[in-house]
Amino acid sequence: MTLEQTLKQSTAAIFKEEFGADVPLDSVTLNITKKEHEGDYTIVVFSLTKISKQSPEQTAELLGNKLKEKSGIVAKYNVIKGFLNLSLTDAYWLNRLKEISENKAYGTFAANHKKVVLEYCGPNTNKPLHIGHVRNMLLGFSMSEILKAAGYDVTKVNIYNDRGINISKSMVAYLRYGNNSTPQSTGIKGDHFVGDWYVKFNEVSKEELKNIPNAPADHDEAQKLTPIFKEAQEMLLKWEAHDAETVALWKKMNGWVYEGFKQTFNLLGADFQKDYFESETYLLGKDIVEEGLQKNVFKKRPDGAVIVDLTPDGLDEKVLLRSDGTSVYITQDLATAQLRHEDFNMEKMIYVVANEQDYHFKVLKLALQKLGKKWADGIYHLSYALVESPTGRFKSREGKTADADDLISEVLRIAEEKTKELGKIEGFTEVEANTLYKTIGLGALKYFVLRVNPYKKIIFNPEESIDFHGHTGPFIQYTHARIKAILRKGAITDLAGFKNLPSLGDVERELIIHLSEYENTVYAAAEKYDPSEIANYVYSLAKLYNKFYHEFPILNAATEDEKKFRVALSNETGVTLKKAMKLLGIEVPEKM
RNA sequence: GACCCGGUAGCUCAGCUGGAUAGAGCAACAGUUUUCUAAACUGUCGGUCACUGGUUCGAAUCCAGUCCGGGUCACCA
C-alpha cells in the first residue's frame, strides 16, 4: 500500500470511528507540504468539516492527534487554518529509502498483459523528415517507454505514406533531369536526394506556369495546368495500373528514402516492430463500408457516395466512400484499424499524430464505434501541437531550420563545442568523446522537446541555440555524472548499511520524498499520455540533488553512518535519474 | 458561421481532479571553488495568471460570455 493510501485510509477510519460517517478516499485531499511550512504531507480538511461539524482548526487538530497516535508513522503535526501538516518519522523515510534501493524494479509496474499498438512517425516518402517529425518521434518513443514501465505490452508501428501524387512529382522530376544519378553518386542522403527532386518539380512547374495565360490565382490549381504536373498525373495512373517500369522506379526511389530515414531513426533512437505502407492499404476499406451499410449505421446518398452522419455527435456528415465507389483517406484508416485489431487484438491503439487531425480521429473512432467495434473504445489520438518559429509556422521553403537532420547535426556541433570549451574530455578517447557529444547533444534536443506538454505548441528560435544550462537535458545529465563521481570515490558496497543517524536534514528528507514520488509520476504520465510529466519530475529531482550536494558534505560527512546514508541517497538519486531519463529516450553519461 | 486547442514574469515553460504568500529556467545584476565535477549553488530584479461576470469558506484552476493567436469543418492526404 502506498503512503498516500495509508494516510487516506487512516483518515477515513478515524472519521468512521469518531463520527460514524463514511469518507470516500477520493474526497481526502493530500498534497506534499509547501516549502514554507513545516511538514511532509498536508491534508486539507475543509471538505471534512461537513462531517465533523467542527471548525477547520478543530477538525485538523483532532485528525492530527489521532493520526499521530494510530498510524505509527506520523512524528508530529501542525495546524494552520484548515491545513494539517504531517511530519513523518525519520525512521519511516529511512525505511522508505531502503525499500526503494532494494527494489530494482522500482518505478516499473507488473505486467498487466494488455496489448498496446502505438503508431508514430508517419512520414511521406517524397521529402526528408522535419522538426515536426522529430517531436512526433520523441513523443512516440517516450510514450512507449512510459507505457512499458506502466506494465503494458507495447508494439510500435510506423505508417509510410509512400504513394500518391507527391512521390510521383519526385519521380517525374528525376526522370526528366536526374541523368541516372543516385544518392551514392552524389553523396546525398537518400531521403534528401528524393526530396530535392520534389523541390525541383516545384521549381520547374513554376517556370512552366509563366507560359500559361490566365492561370488561376490559387497556386495548387494553377500548378495543375503545367505540363510537368500532367506528367506526374500520368505517372500516378501508370503506377496504379501496375506499369512495371513505373513501379520499379517507385521502388528504387522509395528505397533510397528508407535508407535515409533509417539513419535518422537510428540517431534519434526511434524504432518500429512493424511497418505499414499506404500503397498496400489505400484500396482497402470497402468491406468495412459495406458492413456499415448492412448494419444501417452508414447511409448511401442518392449520388452513390456513402456517408456516416455524425451530427448527433456534434460533428458533420462525413463521406466514407466516393460516389464513384473509390476510397478516401478515412476509408483506408478504417480498414487499417480493423487490420491492426486482427493483427494484434490490442487493448489500446495510440496514434501519435499532429493536432491538425483532431477532427479526423474523432470521426474515425466514432465511425468504428457505430459499427459496434468494442475495441474502438481503446483508440487514443495522442495529439500534439506544431513546432513553430517565433514568426510562425515553419515552412518547408524555410528549409534548413526545419529539417530534422540539420537540426540534429547543429545540436551535436554545439554539444561538441561546449564540451571542449569546458575541458570536459580530458582523458577521453576519441570514441568516448564522440559518444559524449552525441549523448549530450541529443539529450539537449530531446529534453527541449519533451519537457513541453504535447498539446502546447513549441516555439523554437533557430537563431538561438538550444540551451545547455538550467532547465535542460544536459543539466540532468550533469547531475547524474556528478553522482557517479561521488560513487566512484565513495566505494561503499553496503549501501543500505547505515544506522544510528542523527535526524534527517530538510533537503535530505525532501529528496527521499521526491524519490518516493517517482512511481506515482510514472503512473500519471502513462494515464495522461504525457512524457512532460516525467521531464518535469526528473528536473526537480536533479535540482534538489544539487542543492543537497552543495549543502551537505557527502564523502566528508562527520560520521561513517552519515556518509553511508548520503552515498546511498546519492546512489538512489542517480538510479532514478537514469531510469526517468530512459523513459524519455535520453542517455545519461558516467562522466561529463 | 460552427467546433477544437492555446493565452501565467521581458523570453521559454510548470502549476489546471479548486486550497496556504502563483513557481522554475533563460536574460539582467550581485555573490560562492586551497573541501566530493561551477553544464552547479545562493541572492536581487521581474506577475492585473488575456478580460468580464458567476459558483464557493476559498478560483490561475470549475462555469458562462468577450477578446487575441492557431487549427479544423474536402468525394486532399
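Quick note on labels: first sequence line is chain A, next is B, and so on, each numbered from 1.
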Protein-nucleotide distance ([X], atom [atom1]; [N], atom [atom2]), rounded to Å:
| X | N | atom1 | atom2 | result |
| --- | --- | --- | --- | --- |
| A:Asn355 | B:C5 | CG | P | 11 Å |
| A:Tyr455 | B:G6 | OH | C1' | 9 Å |
| A:Lys418 | B:A40 | NZ | C1' | 15 Å |
| A:His514 | B:A14 | NE2 | P | 16 Å |
| A:Glu317 | B:C3 | CD | P | 18 Å |
| A:Asp358 | B:G70 | CG | P | 17 Å |

Among the candidates [options], find the nucleotide nearest to the side-chain atoms of [X].
| X | options | answer |
| --- | --- | --- |
| A:Lys489 | B:C36, B:G19, B:G70 | B:C36 |
| A:Glu278 | B:C36, B:A39, B:A77 | B:A77 |
| A:Lys547 | B:C4, B:U42, B:C36 | B:U42 |
| A:Arg393 | B:C36, B:A39, B:G71 | B:G71 |
| A:Glu356 | B:U37, B:A20, B:G71 | B:G71 |

Self-check item: Partner set under side chain to side chain contact (heavy atoms under 4.5 Å, CB included) for A:Glu38, not counting sequence neighbours
Solution: A:Lys76, A:Asn78, A:Ser87
Interface polar pairs with nucleotides 7-13 of chain B, N/O, under 3.5 angstrom:
unit_1: B:G7; atom_1: OP1; unit_2: A:Lys456; atom_2: NZ; d: 2.8
unit_1: B:C13; atom_1: OP1; unit_2: A:Lys457; atom_2: O; d: 3.2
unit_1: B:C13; atom_1: OP1; unit_2: A:Ile459; atom_2: N; d: 3.0
unit_1: B:C13; atom_1: O2'; unit_2: A:Arg451; atom_2: NH1; d: 3.3

Quiz prompt | With sequence neighbours excluded, residues passing salt bridge (Lys or Arg N to Asp or Glu O under 4.0 Å) with A:Glu562 | solution = A:Arg566
Taking everything shown except [X] itself, do over 12 heavy atoms lie less than 6.0 Å from its [atom1]?
| X | atom1 | answer |
| --- | --- | --- |
| A:Glu278 | CD | yes |
| A:Lys286 | NZ | yes |
| A:Asp506 | CG | no |

Got a list of protein N/O to nucleotides 56-60 of chain B N/O distances below 3.5 Å?
none

Practice problem: State the dot-bracket string of RNA chain B. Criteria: Watson-Crick or G-U wobble, both atom distances under 3.5 angstrom; notation: ( ) intrastrand, [ ] crossing earlier pairs, | interstrand, . unpaired. | Solution: ((((((((.[[[[.)...(...]]]].(((((.......))))).....[[[[[..)....]]]]])))))))....
Could you tell me whether [X] contacts a base, only the sugar-phosphate backbone, or nothing, with contacts defined as non-hydrogen atoms closer than 4.0 Å?
| X | result |
| --- | --- |
| A:Lys484 | nothing |
| A:Thr419 | base |
| A:Glu590 | base |
| A:His37 | base |
| A:Thr42 | base |
| A:Asp316 | sugar-phosphate |
| A:Tyr282 | nothing |
| A:Pro56 | nothing |

Please tell me if the side chains of [X] and [Y] come closer than 4.5 Å, counting only heavy atoms from C-beta onward.
| X | Y | value |
| --- | --- | --- |
| A:Gln5 | A:Leu25 | no |
| A:Lys224 | A:Gln233 | no |
| A:Leu584 | A:Ser142 | yes |
| A:Arg163 | A:Glu240 | yes |
| A:Ile483 | A:Tyr549 | no |

State yes or no: are the ring centers of [X] and [Y] separated by less than 6.0 Å?
| X | Y | value |
| --- | --- | --- |
| A:Tyr380 | A:Phe361 | no |
| A:Phe448 | A:Phe460 | yes |
| A:Phe83 | A:His37 | no |
| A:Phe277 | A:Trp250 | no |

Quiz prompt | Residue whose nearest RNA chain B nucleotide is more 5′ - A:Ala415 or A:Asn78 | solution = A:Asn78
Quiz prompt | Contact nearer the 5' end of RNA chain B, comparing A:Lys318 with A:Phe468 | solution = A:Phe468
Quiz item: Which letters describe nucleotides 28-33 of chain B, given B = protein heavy atom under 4.0 Å from base, S = only from sugar-phosphate, - = neither?
Solution: ------
I want to check one thing: is the phosphate of [N], taken as OP1 and OP2, less than 4.0 Å away from some side-chain N or O of [X]?
| X | N | answer |
| --- | --- | --- |
| A:Lys362 | B:C4 | no |
| A:Lys543 | B:C41 | yes |
| A:Arg482 | B:A39 | no |

Exercise. Examine the base of B:U37 for any acceptor or donor lying under 3.5 Å from a partner atom in the side chain of A:Lys424, and report the outcome as yes or no.
Key: yes
Self-check item: Donor-acceptor pair under 3.5 Å, A:Asn546 side chain vs B:A38 base
Solution: no
Quiz item: Which pairs with one or both residues in residues 518-539 of chain A pass salt bridge (charged side-chain N to carboxylate O under 4.0 Å, His left out), sequence neighbours excluded?
Solution: A:Arg96-A:Glu519, A:Lys528-A:Glu533
Quiz prompt | All ring pair (Phe, Tyr, Trp, His ring centres under 6.0 Å) counterparts of A:Phe548, not counting sequence neighbours | solution = A:Tyr545, A:Phe552
Self-check item: ring pair (Phe, Tyr, Trp, His ring centres under 6.0 Å) partners of A:Phe428, counting only residues at least two apart
Solution: none
Practice problem: Output, in order, the C-alpha distance, side-chain angles, deciding distance and verdict of side chain to side chain donor-acceptor pair (under 3.5 Å) for A:Ser205 and A:Gln223. | Solution: CA-CA 6 Å; A:Ser205 75; A:Gln223 194 184 59; 3.1 Å; yes
Practice problem: Tell me which residues in residues 299-313 of chain A put a heavy atom below 4.0 Å from RNA chain B, sorted by number, or none. | Solution: A:Arg301, A:Asp303, A:Ala305
Quiz item: For RNA chain B, what residues of residues 319-332 of chain A have any heavy atom nearer than 4.0 Å?
Solution: A:Val319, A:Arg322, A:Ser323, A:Val328, A:Tyr329
Quiz item: What residues, two or more places apart in sequence or in another chain, satisfy side-chain hydrogen bond (donor to acceptor under 3.5 Å, both in side chains) together with A:Glu290?
Solution: none
Practice problem: Kindly assign one of parallel, tilted or perpendicular to the pair A:His471 and A:Tyr447, based on the angle between their ring planes and the thresholds 30° and 60°. | Solution: tilted
Quiz prompt | Separation of the P atoms in B:U56 and B:C63, to the nearest angstrom | solution = 16 Å
Quiz item: Is the ring centre of A:Phe83 under 5.5 Å from the base ring centre of B:A20, and are the two planes under 30° apart, so that they stack?
Solution: yes
Quiz prompt | Which atom of A:Ile330 lies closest to which atom of A:Val319, heavy atoms considered | solution = CG2-O, 3.7 Å
